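The structure under discussion appears below in the form of structure tokens.
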Amino acid sequence: MKVMNMVQAINDAMDLMLKEHPEVVMYGEDAGVEGGVFRVTEGLQQKYGAERVFDSPLAESGIVGTALGMAITGMRPVVELQFDGFTYPAFNQIVSHVSRFRNRTRGKFAVPMVIRFPYGGGINALEHHSERPEAYYAHTPGLKVVIPSTPYDAKGLLISAIESNDPVIFMEPKKIYRAIKQEVPEEKYSIPIGKAMVVSPGTDITVVTYGAMVREVQRAMVMAKKEGISVELIDLRTISPIDRDTIRESVAKTGRILVVTEAQRSFSAASELMAITVEENFLNLEAPPTRLGGFDTIIPLPVGENFYRVEPEQIYYNIQKLVKY
Amino acid sequence: MKVMNMVQAINDAMDLMLKEHPEVVMYGEDAGVEGGVFRVTEGLQQKYGAERVFDSPLAESGIVGTALGMAITGMRPVVELQFDGFTYPAFNQIVSHVSRFRNRTRGKFAVPMVIRFPYGGGINALEHHSERPEAYYAHTPGLKVVIPSTPYDAKGLLISAIESNDPVIFMEPKKIYRAIKQEVPEEKYSIPIGKAMVVSPGTDITVVTYGAMVREVQRAMVMAKKEGISVELIDLRTISPIDRDTIRESVAKTGRILVVTEAQRSFSAASELMAITVEENFLNLEAPPTRLGGFDTIIPLPVGENFYRVEPEQIYYNIQKLVKY
Amino acid sequence: MFKKYDPLKGKIVRIIDDNGKLLKGEELPEIDNEIWVKAMEKMLFARQADLMAVSFQRQGRMFTYPPNLGQEAIATAVGMVNKEEDWFVPAFRELAGWLAKGAQLHEVFLYFKGDEKGSKFVNAPHLLPSSVPIASQLLHAAGIGYSLKYNKKPGVVYGFVGDGGTSEGDFHEALNFAGVWKAPVIFIVQNNQFAISVPRQKQSAAESLAAKGIGYGIPALHVDGNDIMAMYKAVKFAREYAEAGNGPVLIEAETFRMGAHTTSDDPTRYRTAEMEEEWSKKDPVKRLRQYLVSQKLWDEAHEEKLVEEYKEKVEFEFKKAEELYKIELNEIFDYTFEELPPHLLKQKVEYENYLHWKEGRK
Amino acid sequence: MFKKYDPLKGKIVRIIDDNGKLLKGEELPEIDNEIWVKAMEKMLFARQADLMAVSFQRQGRMFTYPPNLGQEAIATAVGMVNKEEDWFVPAFRELAGWLAKGAQLHEVFLYFKGDEKGSKFVNAPHLLPSSVPIASQLLHAAGIGYSLKYNKKPGVVYGFVGDGGTSEGDFHEALNFAGVWKAPVIFIVQNNQFAISVPRQKQSAAESLAAKGIGYGIPALHVDGNDIMAMYKAVKFAREYAEAGNGPVLIEAETFRMGAHTTSDDPTRYRTAEMEEEWSKKDPVKRLRQYLVSQKLWDEAHEEKLVEEYKEKVEFEFKKAEELYKIELNEIFDYTFEELPPHLLKQKVEYENYLHWKEGRK
Ligand SMILES: Cc1ncc(C[n+]2csc(CCOP(=O)(O)OP(=O)(O)O)c2C)c(N)n1
Ligand SMILES: Cc1ncc(C[n+]2csc(CCOP(=O)(O)OP(=O)(O)O)c2C)c(N)n1
Ligand SMILES: [Mg+2]
Ligand SMILES: [Mg+2]
């Protein structure tokens, strides 16, 4: 096995898929010659040619809408949008078409495509470069929404996404693009979409999170452990559809749940997780399901990100409060 | 007082605002000469001239983006998007600019504009004409989101929206555009944004809803009453920001809450209301907070709308289940 | 052809005049006259279906329907040029084209009655459904164009849009992508003078919509869309050009929607009777009829007989649509994803429980 | 001017050559030579600020910054033509223009250090902040144009975008709206040959970006953007044309980004040293310098002295930015709405409780 960071693991997944499936193509702004602004597609054009991996004009609706045309004619496009905040110009194509074409045509046309983009905050970026748009896409029927938290997961989930016959929104936590290194098999493997993972079992409280926040929760768990609190950590992996079973079983055991997200908290994935918990575990609950996320303010520029960002200590603060409840 | 339906009440509000504020202009596709496809702006161009009420090219991003330019230079544009499903091409302008310009410029530029559009299902329309996009906009910091349920409220809320110095997304439940008639004062009055209304007090269960579903809940309440169940009905009026106080007080009394929405249920306004309830009323709850909404499927065409639409009997079914819980 | 009819010089492709007579300096396309007879039949059939659709709607047997009346020559000409390998990407006002591509009329009726089965077009693998969000479909056309090129498949894509649709950002992005990719796409703007109530001049200050091509390096033709011969000539030329690998072509087809925008629209609110009358003189069916009559290939009695036949056929197809018009709960759930995920199963089961309870109360 | 320099005929507005010499058949703008000296000073200052910004970034004292190097003539020319009543709608690479419009350099630094205060431009009421979502700002420019017209106010709007930005749907919609409204907007495309790594030819198959104007009925000029005299002439003409009520103008300013796209970019990945060298011969500062020297209005010693002054000034402004660079929790909450709504107050209080707890643990 090779030690890889998330950028390398994603690149590796795409490399394998390009090799295995001639119907896979990849494009986006700067995705070809340059290999993407985060270098995630680096080397792929050189390896597979400019017909299969290429630069597109600067137009996100165009990127997604043309990919749909390819997908319904037997190809498997994997498109890159340059940042989370630049998925919005493509919103109409995603919500009105990508998610609906199968249903609209009663299964005549499937839409096997992946829309990948760097996700979330924490890199001291300009405005619109630190968005957390998962709730928009998770609220949209017909889309699967995936956010990996490790190189290993990123590779396995992306392979599943590319081989899925449904469209997948694949968000890559940019803060940990290169921050976590891990042994990753060089061969093909896949991780199922729609299944959460119990990262570490525990008994006092369930913490559900995903993406870059998994690591932050793990840091909080070190503090909790010192105080003798046993945390069960669930990495959601797939935001939609949510794996209700894993959450239910965990909360049935712990009686307490804290949801941690990077995103603003209202009308969010955190809201949904709280709703699911009361639906599934009403009688088990020993404390109110609680969410911890960004404020419902505009995401601040770097000078204010420290206030906005959920930090390990803050996660621990909420854990201990809930356990004491 | 005059008896008005919602179309007339909204028209009346706009008429008053055009008269009172020279900085108000109105435009949208077919909004001028024709008075809009639902005739909501009927007669206004004739009365105020084509500089103030006019047809725009067919481009929603264009409509919203230009309105922002007007709003930050002292005007108060009220734009019409033709249907709920055609707000998505404007998503980037709404989410990346309209909601953020005040914060981005630390208050130098305010964005006093209203984006109005017909909302929701129930009129046997083509695809994309029966969308329920409130969660997308409510999840977006910096926007206020309003959905009236009566002609009286529509007028008072729209006047508040037009006079607000913050951008307001104003969704008009098209199913009841002409279905409810009511006495409406001809003079100016306003209803505050951000306040819910207790439509009818009750003791056994709180039902929270908004828009066209208010009437459906009222129908269910007739069935409930027969069985001796006392329902407290709350019309949310403003989806964002949600009036937590009114909900908290009600659930503190009833111990039970059913949230009814037209929209698909996951990652939705219903999820948020459930989350709020556990945050505010955890210790009062006598039954699990419950939501009833559309399926998380693509919204069906008319042939399937009967299955998708939440009907009074179904609301009653949930009420009685919760009360028995 | 692009030189002879340069839209930037105000040139319009037109072959027969308003009375079906060959214009000076023009030539008839080199095809058998019999083909025009067939084209006439197709236009007449589409028109009959269209007129009856409006009346079915009036009878409350169908929901919103967008009449094609007056615009039939455009999609009919595309149908004539079309080859099986070509892809057809509709807006929503190209009935004759859908039929040429393999749509069954009852499917069309099903769609406008509000039944998803009507978008499946089971006999037409290369036909996309109507696209409601204006202009969004042109990007799909560009993508299909790339797909054909990438897979070295023969064929071209016909992407339709209205005059109003040229204002949308997606129109721009689609033409730009297709231009950069040199994708085999023929973009056809049905300029019927109005977008619902908004006249063409309020839509864009461009002198012609064909002029927009130059912004994408795409050659364009401005065509009299009510002259089926001109349309045929333009589309055929464009098809050859695109299939040969030269890239996309933009065609602005000048026409007029003689009916309402949809069955819920009232055109008297925004256009004059004079305008309608003026355009009725250019009716494409009338023009081809006059040509055929002058060639002794057509007569009134024949047409009357045909129309009677067509009425029956349309009636038959509509009945079929009415029979097929129904849905089971499953169908709402089965196509959101390839496989039903657990949360949707749960929602279905809960709903069935409710239905069961409801049944029990009766 | 639109006739003489018709972009559809391949004409480009250019007045001085790469060595600052007047071109045959061209005339210098009729303004005092002193004005070119001032322009030179402004370009030099902007360049100095820009170069130092890059080095501040390298020192880790600033985040991402998009260098203007090589493109200064464009925004400087706009600054020369600009009147107080005009509005300036930036993309993000027009430093000299922002300064001309009243931005203080420390505000610019604050912005690129990631502080919202840097977008307030307290002394520049008619200057908008940078717009990150490419091309979206052009719609704001069109709307401001309508606003000026509606309110019968004098002035025009300058809306900036890059070559890459012309591919976005919002570019299209903005030009189309402005065209229909005959709004007084001057759209300025800084065609610096690349959108990050993507060369102009991959962006559009159009022969020139100026050619796009015709699709909106907007007259266009294709200008040598490294020739400040040509830029001045074009913008001045456009301003008069637009202010007189004739509607918008599109200017394609041909230039070259001599630096990286931003401080996180590495241009060697996508362009050759030859290309860079070729363009360095056309450096706009060099060209104006050569002109001024030939007129005996400039010399090396003077420039050196100025640059020293500028360095100090920039250093001073940067220090000021560093001093101002901070934020209180309130500021995050106070500008989402005009008044703080209850749910945000609740979030703030909860957060303060956490901070308090955290403080207590230490
Ligand atoms: C994105 C979007 N906006 C608005 C509408 C509503 N709408 C339906 S048809 C139409 C006018 C279309 O005009 P045009 O493109 O000229 O086509 P025509 O109807 O004349 O064939 C409008 C505004 C829509 N379907 N999609
Ligand atoms: C909508 C959107 N998509 C992508 C980006 C990322 N991005 C920032 S600058 C840039 C290239 C812009 O190129 P161009 O318009 O030519 O301007 P230049 O940078 O050359 O001045 C891109 C793709 C963005 N900011 N906004
Ligand atoms: Mg039209
Ligand atoms: Mg550029």
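Reminder, nothing fancy here: chain letters follow the sequence lines and each chain counts from 1. No experiment lies behind these values; they were computed from the predicted model shown.
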[options]: which one forms the most heavy-atom pairs within less than 4.5 Å of chain A?
options                                : answer
C:Val122, C:Val89, C:Leu138, C:Leu128  : C:Leu128
C:Asp334, C:Asp170, C:Val180, C:Asn176 : C:Asp170
C:Glu339, C:Glu331, C:Lys117, C:Lys149 : C:Glu331

Taking side chain as everything from C-beta outward and backbone as N, CA, C, O, which of these in [X] sits under 4.5 Å from a heavy atom of chain C? Side chain, backbone, both or neither.
X        : value
A:Ala67  : neither
A:Arg244 : side chain
A:Glu51  : both
A:Asn92  : side chain
A:Ser96  : side chain
A:Ile63  : both
A:Val25  : side chain
A:Met75  : side chain

Inset, instruction - May I ask you to establish whether A:Lys144 and C:Phe337 are in a cation-pi arrangement, using a distance under 6.0 Å from NZ or CZ to the six-membered ring centre and at most 45° from the ring axis? - result: yes

Legend entry - Aromatic C:Phe88 / basic C:Lys101 pairing, under 6.0 angstrom, 45° off normal: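 Cation-pi check for C:Lys101 and C:Phe88: fails.
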
Inset, instruction - Measure distances from C:Pro342 to the heavy atoms of chain A and classify the residue's part below 4.5 Å as side chain, backbone, both or neither. - result: neither

Legend entry - Toward chain A, the part of C:Tyr111 with a non-hydrogen atom under 4.5 Å: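 Neither part.
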
Legend entry - Leading residue by heavy atom contact count with chain C [cutoff under 4.5 Å; candidates A:Pro57, A:Gly74, A:Pro89]: A:Pro57

Inset, instruction - Select, from A:Leu143, A:Val64, A:Val111, A:Ile276, the one with the greatest count of heavy-atom pairs under 4.5 Å involving chain C. - result: A:Leu143

Inset, instruction - Please name the pair of heavy atoms, one in C:Gly145 and one in C:Val157, separated by the smallest distance, quoted to 0.1 Å. - result: N-CG2, 3.7 Å

Inset, instruction - Dump the intermediate steps for salt bridge (Lys or Arg N to Asp or Glu O under 4.0 Å) on A:Lys253 and A:Glu249, then the final yes or no. - result: CA-CA 6 Å; A:Lys253 185 170 68 176; A:Glu249 283 160 29; over 6 Å; no

Inset, instruction - State, without any angle test, whether A:Thr87 and A:Tyr136 hold a side-chain donor-acceptor pair at a distance under 3.5 Å. - result: no

Legend entry - Full working for side chain to side chain donor-acceptor pair (under 3.5 Å) between C:Asn82 and C:Tyr158: CA-CA 9 Å; C:Asn82 165 66; C:Tyr158 309 104; 4.7 Å; no

Inset, instruction - Determine the interplanar angle of the C:Trp87 and C:His126 rings, folded into 0 to 90°, and report it as parallel if under 30°, tilted if 30 to 60°, perpendicular if over 60°. - result: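 C:Trp87 and C:His126: parallel rings.
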
Legend entry - From CA spacing to verdict: ring pair (Phe, Tyr, Trp, His ring centres under 6.0 Å), A:Phe109, C:Phe121: CA-CA 11 Å; A:Phe109 292 115; C:Phe121 299 133; 9.6 Å; no

Legend entry - CA sep, side-chain torsions, deciding dist, call: A:Asp245, A:Arg248, salt bridge (Lys or Arg N to Asp or Glu O under 4.0 Å): CA-CA 5 Å; A:Asp245 293 346; A:Arg248 183 182 49 249; 2.8 Å; yes

Inset, instruction - Give the intermediate values and the outcome of side chain to side chain contact (heavy atoms under 4.5 Å, CB included) for residues A:Ile239 and A:Val146. - result: CA-CA 6 Å; A:Ile239 313 307; A:Val146 171; over 6 Å; no

